[in-house]
Amino acid sequence: MEFEFVEKKELKEKPKENLGFGKYFTDYMFVMDYTEDKGWHNKKIIPYGDITVNPSTMVLHYAQETFEGLKAYKGKDGKIYLFRPYMNAKRFKNSNERMCMPEVSEELFVDSIKELVKVEKDWIPEGEGESLYIRPFMFADEESLGVHVAKSYKFLVILSPVGAYYPEGVNPIKIYVEDEYVRASVGGTGFVKCGGNYAASLIGQKKAEKLGYTQVLWLDGIHRKYVEEVGSMNAMFLIDDTVVTAPIEGTVLPGVTRDSIMTLLKDFGYKVEEKHMHIDELMKAGREGRLKEAFGTGTAAVISPIGELYYKGEEVIVNDFKTGELTQKLYDTLTGIQWATKDDKYKWREEVR
Ligand SMILES: *Cc1c(COP(=O)(O)O)cnc(C)c1O
């Protein structure tokens, strides 16, 4: 890929500890522009900093915006890896198609990330559980208030060194099952990684936090009965000896972690069922002690054990509010592949060099 490089004179001091999530940003970012006549052009890696937009810039009014999230890891072998970046590239393509935004080819998407990560390789933190979070995103930057598909866009990639999501180790979270608000409906944008979905779901998150819960478990948008996903994670439930998760049929985000965990589960010999599970069935399994483990899956936290579910006045405790054996094994296996302490038998690691 050809791009212009604008060098920065003075580099920032890199944070040493308490990285948290998305608090620090590296020295450079990738930017490119799209217009109908030129396609993607102006590919540049420039110093990280403010971008100016006109008050009439369309994204500020009509929210044509999509994003992705993945990580770069410094492997125990000293090499730099991405984890299944072509899956993010494909998902980004699907998101953009739904939002009437231009396509970024899979190759261009992955190359822009690789080039930026190469420039910023010294920013990949090497402490336990630390990595470099990668946030590619695109938005409509045409200046106009007329409601239409925008004619021009910007694509950027920014990087943020992040710590272990749970510095004290993997810990169970409390989940509020939301039966008032909905996140997605069939025909809508549930499968799209876009800012708009988050804007509409914050009210559920706010409510859950006020009531003492960490995250929301969303139910389907029509019946408000069938289990879908958790906040920014897909949700999985070990009931008896089967792992149940919602199917990818347009309302649930097709997580890369979800797909990877399902592969591991099948390899471990578990039955995995993608189905519309009624919330009553889940609560009943919990009450009867057949809900053995529950967890959320996503790039940021990898796996988040669920220790409690609250629905319509009833609470169900999962596995004595402790991280389950299977949950821990999945976490260890997946992070082992990501940080190259385990064999990459599925060819999920993509070296950056
Ligand atoms: C990003 C995201 C996920 C998890 O996807 P991963 O590719 O595993 O990180 C799940 N749900 C929502 C709503 C998301 O935005």
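No experiment lies behind these values; they were computed from the predicted model shown. Values below: all heavy atoms of this structure, side chains included; hydrogens, waters and symmetry mates excluded. Whatever order the structure lists ligands and atoms in, that order sets their numbers, starting from 1.
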Any chance the side chains of Tyr81 and Glu351 put a donor and an acceptor closer than 3.5 Å? no

Does one side chain, of Thr26 or Glu120, offer a donor that lies under 3.5 Å from an acceptor on the other? yes

Residue part near ligand 1, for Arg183, under 4.0 Å between non-hydrogen atoms: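 Looking at Arg183 and ligand 1, just side chain atoms fall under 4.0 Å.
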
Classify the contact between Thr299 and ligand 1 as side chain, backbone, both or neither, using a heavy-atom distance cut-off of under 4.0 Å.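 Under 4.0 Å from ligand 1, Thr299 contributes backbone and side-chain atoms.
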
Can we call the ring centroids of Tyr213 and Tyr176 under 6.0 Å apart? yes

Look at the rings of His223 and Tyr226 and say which category their plane angle falls in: under 30° parallel, 30 to 60° tilted, over 60° perpendicular.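 The arrangement is perpendicular - the two ring planes meet at more than 60°.
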
Closest protein heavy atom (residue, atom, distance) for atom 3 (C) of ligand 1: Ser232 O, 3.3 Å

Of all the non-hydrogen atoms in the protein, which one sits nearest to atom 8 (O) of ligand 1, and at what distance? Thr257 OG1, 2.6 Å

Using distance alone, determine whether [X] and ligand 1 share an N or O pair under 3.5 Å.
X	result
Glu229	yes
Tyr198	yes
Gly69	no
Asn88	no
Lys193	yes

Phe268 six-ring face occupied by Lys329 cation (under 6.0 Å, within 45°): yes

Run through Arg183, Glu228, His276 and flag the one making a side-chain contact (heavy atoms from CB on, under 4.5 Å) with Thr251.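 Testing each of Arg183, Glu228, His276 against Thr251, the sole residue satisfying side-chain contact (heavy atoms from CB on, under 4.5 Å) is Glu228.
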
Can a donor-acceptor pair be found, under 3.5 Å and without considering hydrogens, that links the side chain of Lys43 to the backbone of Phe30?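 Checked: no pair found.
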
Okay, side chain of Glu65, backbone of Gly195: is any donor-acceptor separation there less than 3.5 Å?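 At least one qualifying donor-acceptor pair exists.
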
Which of the atoms in ligand 1, numbered in the order shown and given with their element, are less than 4.0 Å from a heavy-atom of [X]?
X	value
Gly231	13 (C)
Arg91	5 (O), 6 (P), 7 (O)
Gly255	5 (O), 6 (P), 7 (O), 8 (O)

